[in-house]
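Atoms within a ligand are numbered from 1 in the order they appear, just like the ligands themselves. Index from 1, following the sequence. Heavy-atom basis, side chains included; hydrogens, waters and symmetry copies ignored.
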Amino acid sequence: MTEQFSKKAEAWSARFSEPVSDLVKRYTASVFFDKRLAQYDIQGSLAHAEMLAAQGIISEHDRAEIERGMTQIRSEIDAGSFEWLLDLEDVHLNIEKRLTELVGDAGKRLHTGRSRNDQVATDIRLYVRAAIDDILALLNGLRGALTDLAERHADTIMPGFTHLQVAQPITFGHHMLAYVEMFGRDAERMQDARRRVNRLPLGAAALAGTTFPIDRLRVAKTLGFDDVCHNSLDAVSDRDFAIEFTAAASILMMHVSRFSEELVMWISPRIGFIDIADRFCTGSSIMPQKKNPDVPELARGKTGRVYGHLTGLLTLMKGQPLAYNKDNQEDKEPLFDTIDTVLDTLRIFTDMASGITVKAENMRSAALQGYATATDLADYLVKKGLPFRDAHEAVAHAVRACDQAGCDLSEMSLETLQGFSPLIEQDVFEVLTLEGSVAARDHVGGTAPNQVRAAIVRVRQQLAE
Ligand code: ARG
């Protein structure tokens, strides 16, 4: 039997009169990237063999032999001594061939009632499920690190921007918690995608099911799937779960990228709101003064490749008739690269979050420019009885006067301010301070330090769940 394999390596070769060329072999093979699936392939095979034996389709002896062989293969792969052969096309045939070398006919019986089509779909689902679990743990870690940062800066005032212009004072803690919310929704999306990933294709065989009396629910249970895929054609052919995962990963990376953009701006000496630890930056080979925020810039750049993978997978799927087509072999590299990119990015950002130093003085002086408390003055006038639109108008005149005089609203005398509205009294100056402004936004979701602290409690409860 072993000889038969070595004479003609391809598992399906008996039907053919001439071997494929080396170029075709290389073009069609996937082993050099799908060998990543090895541990899931073995896990799936063991569950399949266990069910075949339980159903009396193979003997208990064969099952035990398969298990013995797979244990050995696993340790060979872990030790790096497993010999992957291009001739054997993919991870599935490489493992099956080695199994047959090790345990003989029992190895050849493993493929009873299954096809590589349902096998590979199962492997990918197991792989994506494990990736989602890792991503969820890392998102928790990142949210925790950002929440710690928010807590240290619940009272630190910075300018909030709209249109990249100073808008209203906010706290840095509040700003960090905005990302904690975004990454929280990313976790929800991942959890939701996981529900649809976690269904078993095995049993669909090539496309139509199998003539053997298999027990799919048993295999699903062994592998920790919530359910089976309920249509064999759909089970082997659709990769919507991979697309959905990549879509969730793209949104996650979009959030990372927005955060990166802010870090890059904040670290720029022109703005100087923060510093990030040197280990996340590099110098310039020509300009000795430079400290470049490479990590956030690269994360912003890598977002593009993840979007690219999403487009790639959608395009891969769109023209395929039912059921399995070899096109689907192309699902793996984009998926693997998406997973690698997201995992590394989340790891590095969690570490970086704790390496952020805040330059509170610079934030404060920036918040004092640009009439950040103009809305507070308008709200003040409204509370004294002026309709909001009139208040808006009065403050606009005051801002214009400040512009001409080159001062802030809080630096104008009471008499000058009263020129814009007789309703203005001495107590206006409390409203015009940065502290007064943020403290006044004291409701759920507002920037008041009180509310930031309450939000932190809420997030920490969530993280502990
Ligand atoms: N390497 C293949 C893939 O990734 C496995 C399935 C092959 N099935 C087939 N009928 N050629 O999709």
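- In Glu89, neither the side chain nor the backbone holds a heavy atom less than 4.0 Å from any atom of ligand 1.
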query: For Ser260 and Phe349, what are the C-alpha separation, side-chain angles and deciding distance, and is it a side chain to side chain contact (heavy atoms under 4.5 Å, CB included)?
result: CA-CA 9 Å; Ser260 299; Phe349 268 67; 3.3 Å; yes
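- For ligand 1, one of its N or O atoms has an N or O atom of Asn117 under 3.5 Å away.
- Asp275 places no side-chain N or O within donor-acceptor distance of the main-chain N or O of Ile356, the cut-off being under 3.5 Å.
- Looking only at protein heavy atoms, the nearest one to atom 3 (C) of ligand 1 is Tyr324 OH, 3.2 Å.
- On a distance-only criterion, Asp90 and ligand 1 share at least one N/O pair closer than 3.5 Å.
- Of the residues listed (Ile267, Val264, Thr282), the one engaging Asn292 in a side chain to side chain contact (heavy atoms under 4.5 Å, CB included) is Thr282, and it is the only one.
- For the atom pair CD of Glu244 and CZ of Arg196, the computed distance is 4.0 Å after rounding to the nearest 0.5 Å.
- A heavy-atom distance below 4.5 Å is found between the side chains of Glu297 and Arg300.
- With ligand atoms numbered from 1 in the order given, ligand 1 contributes 1 (N) to contacts under 4.0 Å with heavy atoms of Ser30.
- Scanning both residues, Met70 and Ser45, for their nearest heavy atoms gives CE-CB, 3.6 Å.
- The distance criterion of under 3.5 Å between nitrogen or oxygen atoms is met by Gln329 with respect to ligand 1.
- Counting protein heavy atoms only, atom 4 (O) of ligand 1 is closest to Lys332 NZ, 2.5 Å.
- Remark: minimum distance from atom 11 (N) of ligand 1 to any protein heavy atom is reached at Arg116 NH2, 3.6 Å.
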